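This report refers to the structure that appears directly beneath it.
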2 protein chains.
Amino acid sequence: MTRPRRTAPPAPAGLSDANLRQFIGYNMKRAYLTIDADIRPTIEALGLRPATFSALAVIIENPDITQTILGQALHIERSGVVLIVDELEGADLISRNKVEGDRRSYALRATLAGQRMWATACKRVQEHDNRVLARLSPEERTLLKDLLNRVEAAAPSGRSGEETP
Amino acid sequence: MTRPRRTAPPAPAGLSDANLRQFIGYNMKRAYLTIDADIRPTIEALGLRPATFSALAVIIENPDITQTILGQALHIERSGVVLIVDELEGADLISRNKVEGDRRSYALRATLAGQRMWATACKRVQEHDNRVLARLSPEERTLLKDLLNRVEAAAPSGRSGEETP
DNA sequence: TATTGTTATACTCTATAACTATA
DNA sequence: TATAGTTATAGAGTATAACAATA
């Protein structure tokens with residue numbers, strides 16, 4: 001139905017992992033950490049961290065977003081957003097702009113340098129993605145994302161109360 | 001081919017995520033963190049942490065394992081293993097036993113209490129797993145694990161140099 | 001000389017709580 | 001009073017480096 005299951009479950013040396021591998025969360029953690037270790041140096045070579053990379057991505061996509069909303073998008077507290085935005089602003093990749101009618105908040109926008117940075121960072125990470133997904137067919141790639149999203153949505157904290165009633 | 005793609009990609013409020021959702025690693029991170037947040041309280045209610053839970057799982061499955069090997073299984077340094085083993089030993093869930101012929105290392109074994117603890121902890125986490133995977137068919141569940149393992153194996157740090165030549 | 005376990009230390013990430021300035 | 005941003009602080013998790021005992 002899918003394929004002969006010829007995947008050697010990546011178990012270390014001569015010891016068994018089955019007790020943990022039975023849990024979807026463990027397989028997910030291992031796969032995620034492996035990918036993360038692969039990509040991180042590439043991101044850092046550009047002067048970014050995963051957190052600033054992600055923030056830049058969201059700001060590019062949602063111009064004039066506020067820090068509070070950015071925090072919600074990244075699932076981090078406002079206090080953490082400050083540091084990330086400080087870092088991006090200090091690198092001249094984004095700017096904090098005044099908001100008409102509310103002097104409390106900032107409208108975050110990527111600078112030109114920020115847009116260029118995102119373009120190249122995005123491209124390089126895409127290359128990693130392609131390398132890591134090389135053995136998966138296009139259908140398998142979308143399927144994997146779909147399954148991950150469904151798992152995320154199924155867990156209690158998964159937003160979207162929209163059940164299909 | 002697979003199913004109508006009716007998965008609402010869990011995007012926050014009114015803002016777009018697509019820049020990040022394009023990357024398999026981001027979807028994996030989000031799914032993993034959601035599952036982790038779901039399961040953690042259950043594990044902690046038993047007096048365990050994710051790290052001690054995992055270590056107990058490996059020790060149960062590989063009796064007389066040494067700390068160094070345990071570290072390799074868990075992908076953490078030996079110095080970190082010490083703290084985890086201290087904690088498990090302090091809770092009387094495992095014991096450090098003498099090894100014939102090598103007085104440097106310990107043979108780690110679960111106590112009876114440790115085996116009972118693992119049984120109940122395993123059962124409870126399985127329940128979370130089932131809840132989180134509720135919307136996936138049995139085939140989809142194995143498929144998801146399979147895809148995750150293939151991604152993990154594909155990344156540079158993925159062990160198993162065994163290509164199918 | 002190399003290895004096992006250990007200790008001390010530091011770094012990253014993130015959360016909590018209290019503060020300020022606006023609303 | 002409530003909210004946006006800020007600051008200070010603390011905790012979890014993990015890594016690095018140096019050390020003692022043993023191989």
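Here is the naming used below: chain letters follow the sequence lines, and residue numbers restart at 1 for every chain. What you are looking at is a predicted structure, and each value in this text was computed from that prediction instead of being measured.
- Between the side chains of B:Glu139 and B:Ser137, at least one donor-acceptor pair of N or O atoms lies under 3.5 Å.
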If the sugar-phosphate is the primed atoms plus P, OP1 and OP2 and the base is the rest, what is the B/S/- string for nucleotides 8-20 of chain C, using protein heavy atoms under 4.0 Å? -----S-SBB---
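- Heavy atoms only, all atoms of each residue included: A:Asn19 and B:Ala57 are closest at ND2-O, 3.0 Å.
- Closest heavy-atom contact between A:Ala73 and B:Tyr26: O-OH, 3.8 Å.
- Here B:Arg150 pairs with A:Glu140 in a salt bridge; the nearest charged N to carboxylate O distance falls below 4.0 Å.
- Between the CG atom of A:Leu108 and the C1' atom of D:dG5 there is a distance of 11 Å, given to the nearest Å.
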Is there a salt bridge (Lys or Arg N to Asp or Glu O under 4.0 Å) between B:Arg135 and A:Glu152 once you walk through the steps? CA-CA 11 Å; B:Arg135 310 274 197 90; A:Glu152 180 181 346; over 6 Å; no
Protein-nucleotides 20-22 of chain D N/O pairs closer than 3.5 Å?
residue: D:dT22; atom: O3'; partner: B:Arg103; partner atom: N; Å: 3.4

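- Placement of A:Phe53 and B:Leu15 within a single hydrophobic cluster is found when ILVMFWY residues are connected by side-chain heavy-atom separations under 4.5 Å, directly or transitively.
- The backbone N or O of A:Val58 sits less than 3.5 Å from a side-chain atom of A:Asn62, completing a donor-acceptor pair.
- Checked options B:Arg96, B:Arg109, B:Lys98; the residue passing with B:Asp64 is B:Arg109 (criterion: salt bridge (Lys or Arg N to Asp or Glu O under 4.0 Å)).
- The distance from atom CG of B:Leu74 to atom P of D:dT14 is 10 Å, rounded to the nearest whole Å.
- Comparing C:dT4, D:dT6, D:dG5 by their closest approach to the side chain of B:Thr68 singles out C:dT4.
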